[in-house]
Chemist: 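Handing you this structure, nothing more for now.
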Amino acid sequence: MSKVTVFDHPLITHKLTIMRQKDTGSKDFRELLSEISMLMAYEITRELPLEDVDIETPICWTTEKMVSGKKIAIVPILRAGLGMVEGFLTICPVAKVGHVGVYRDPQTKKPVQYYFKMPQDIAERKVVILDPMLATGGSSNAAVDELKKLGCRDICLMNLVAAPEGIKAVQEVHPDIDIYVAAIDKCLNEHAYIVPGLGDAGDRIFGTK
Ligand code: PRP
Ligand code: URA
């Protein structure tokens with residue numbers, strides 16, 4: 001079964017509480033999302049393997065360590081996942097970026113895919129799917145399905161807020177996918193929005209409501 005990690009660092013929790021408030025405007029919302037994404041990226045990359053490299057300092061030659069092996073790709077789920085890209089790239093600037101466009105049909109709550117563009121070597125990379133909200137899990141499961149079709153085998157999810165229902169849905173369909181979140185909320189409401197949540201992440205990032 002996959003691992004679920006909650007990054008309950010005081011700074012992340014504090015910033016998320018500001019984001020949740022309905023009077024927080026798009027500018028602050030975007031900035032806070034970017035800052036939290038940077039902090040989460042720092043934690044997610046903690047386990048990257050290191051290898052020995054020979055380098056020359058101004059004083060002498062020495063053997064030191066650098067990140068080795070598999071490289072990272074981040075895959076934001078459009079639209080709201082875009083708000084997490086800049087923060088992640090601040091910590092990990094060499095990551096490549098794929099995009100998957102999925103929206104939830106307002107009636108059925110089922111995911112509808114409309115865009116998919118990945119780096120050529122995506123199957124050889126560790127893939128981090130970015131989306132602030134894991135609600136029913138439909139959008140994330142759809143993104144993972146498509147990435148697995150391309151041969152990706154090392155995939156994880158990075159979400160800001162998750163509902164228990166969404167975590168369960170991902171674990172049932174993709175038990176190999178680790179999930180990293182800033183908070184696990186109570187439940188979904190009758191419109192499949194996360195409670196207490198923060199509302200519609202895409203609308204709050206882009207000011208479309
Ligand atoms: C939101 C959110 C997730 C999805 C989560 O996107 O950013 O992608 O809903 O819900 P789920 O887990 O039930 O699938 P939305 O459909 O609102 O599209 P948008 O980002 O373009 O606004
Ligand atoms: N999508 C959002 O943006 N927010 C929710 O609470 C659920 C789905």
Side-chain angles (χ1 to χ4, degrees), residues 2 4 6 15-34 36-37 40-41 74-88 97-118 127-148 155-175 177-209:
S2 72
V4 180
V6 183
K15 289 171 194 292
L16 176 56
T17 297
I18 301 173
M19 292 179 74
R20 289 182 188 276
Q21 294 170 47
K22 66 182 174 59
D23 292 334
T24 299
S26 288
K27 177 176 178 291
D28 289 341
F29 191 92
R30 273 196 303 271
E31 285 173 4
L32 289 160
L33 178 58
S34 197
I36 294 177
S37 303
M40 291 184 79
I74 54 174
V75 176
I77 299 182
L78 309 181
R79 293 174 298 166
L82 288 175
M84 303 174 89
V85 171
E86 194 189 318
F88 202 105
V97 186
H99 293 85
V100 53
V102 183
Y103 71 87
R104 248 179 26 167
D105 181 288
Q107 258 73 51
T108 65
K109 315 290 183 251
K110 299 282 180 229
V112 181
Q113 191 185 313
Y114 59 91
Y115 188 75
F116 191 78
K117 180 83 178 172
M118 293 299 141
V127 179
V128 184
I129 298 176
L130 307 179
D131 195 328
M133 311 308 278
L134 180 63
T136 66
S139 304
S140 292
N141 273 340
V144 175
D145 286 343
E146 293 305 310
L147 287 162
K148 284 189 172 174
I155 307 171
C156 67
L157 289 178
M158 176 170 137
N159 307 114
L160 195 59
V161 182
E165 295 90 329
I167 292 174
K168 187 162 174 273
V170 172
Q171 287 184 325
E172 276 171 8
V173 183
H174 296 294
I177 301 298
D178 288 338
I179 303 173
Y180 299 91
V181 297
I184 301 175
D185 277 10
K186 282 199 193 73
C187 59
L188 297 177
N189 68 13
E190 65 276 25
H191 305 292
Y193 273 82
I194 299 175
V195 180
L198 46 72
D200 188 304
D203 284 341
R204 295 199 65 188
I205 292 168
F206 297 108
T208 41
K209 211 165 202 174

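First listed ligand is number 1; within each ligand, the first listed atom is number 1. For this chain, numbers begin at 1 and follow the sequence in order.
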Chemist: Do Ile74 and Met84 have side-chain heavy atoms sitting under 4.5 Å apart?
Modeler: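 Side chain of Ile74 against side chain of Met84, heavy atoms only: no contact under 4.5 Å found.
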
Chemist: Keeping the roles fixed (side chain from Arg104, backbone from Ala135), state whether a donor-acceptor pair exists under 3.5 Å.
Modeler: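 Not a single qualifying donor-acceptor pair exists.
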
Chemist: Where the side chain of Glu146 meets the backbone of Ala142, is there a donor-acceptor pair that is under 3.5 Å apart?
Modeler: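 Here the side-chain-to-backbone pair does not exist.
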
Chemist: Does a salt bridge link Asp28 with Lys15, judged by any charged N lying under 4.0 Å from a carboxylate O?
Modeler: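 Result for this pair is no, no salt bridge flagged.
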
Chemist: Given 3.5 Å as the limit, does a donor-acceptor pair link the side chain of Arg204 with the main chain of Gly199, or not?
Modeler: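 Here the side-chain-to-backbone pair does not exist.
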
Chemist: With a 3.5 Å distance limit and no angle check, can you tell me whether Ser37 reaches the backbone of Leu33 through a side-chain donor-acceptor pair?
Modeler: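 A pair under 3.5 Å: yes.
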
Chemist: Determine whether more than 12 heavy atoms belonging to other residues, nucleotides or ligands lie under 6.0 Å from atom CD of Glu86.
Modeler: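 For Glu86, atom CD is not crowded (no more than 12 foreign heavy atoms under 6.0 Å).
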
Chemist: For a 4.5 angstrom cut-off between non-hydrogen side-chain atoms, does Ile167 reach Leu134?
Modeler: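 Counting from C-beta outward, Ile167 and Leu134 do come under 4.5 Å.
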
Chemist: Check ligand 2 against the protein and report each N/O to N/O distance under 3.5 Å, formatted as atom name, atom name, distance.
Modeler:
residue: ligand 2; atom: 3 (O); partner: Ala201; partner atom: N; Å: 2.8
residue: ligand 2; atom: 4 (N); partner: Gly199; partner atom: O; Å: 2.8
residue: ligand 2; atom: 6 (O); partner: Ile194; partner atom: N; Å: 2.8

Chemist: At less than 3.5 Å, what protein N or O atoms come close to the N or O atoms of ligand 1? Include the distances to 0.1 Å.
Modeler:
residue: ligand 1; atom: 7 (O); partner: Asp131; partner atom: OD1; Å: 2.9
residue: ligand 1; atom: 8 (O); partner: Asp131; partner atom: OD2; Å: 2.5
residue: ligand 1; atom: 12 (O); partner: Ala135; partner atom: N; Å: 2.9
residue: ligand 1; atom: 12 (O); partner: Thr136; partner atom: N; Å: 3.1
residue: ligand 1; atom: 12 (O); partner: Gly137; partner atom: N; Å: 2.8
residue: ligand 1; atom: 13 (O); partner: Arg104; partner atom: NH1; Å: 2.8
residue: ligand 1; atom: 13 (O); partner: Thr136; partner atom: N; Å: 2.8
residue: ligand 1; atom: 13 (O); partner: Thr136; partner atom: OG1; Å: 2.5
residue: ligand 1; atom: 14 (O); partner: Ser139; partner atom: N; Å: 2.9
residue: ligand 1; atom: 14 (O); partner: Ser139; partner atom: OG; Å: 2.6
residue: ligand 1; atom: 16 (O); partner: Arg104; partner atom: N; Å: 2.8
residue: ligand 1; atom: 20 (O); partner: Arg79; partner atom: N; Å: 3.1
residue: ligand 1; atom: 20 (O); partner: Ala80; partner atom: N; Å: 3.1
residue: ligand 1; atom: 21 (O); partner: Arg79; partner atom: N; Å: 3.2
residue: ligand 1; atom: 21 (O); partner: Arg79; partner atom: NE; Å: 3.0
residue: ligand 1; atom: 22 (O); partner: Arg79; partner atom: NE; Å: 3.3
residue: ligand 1; atom: 22 (O); partner: Arg79; partner atom: NH2; Å: 2.9

Chemist: Could you tell me which non-hydrogen atom of Met40 sits nearest to which non-hydrogen atom of Asn159, and how far apart they are?
Modeler: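 In terms of heavy atoms, the two residues are closest at CE-O, 3.3 Å.
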
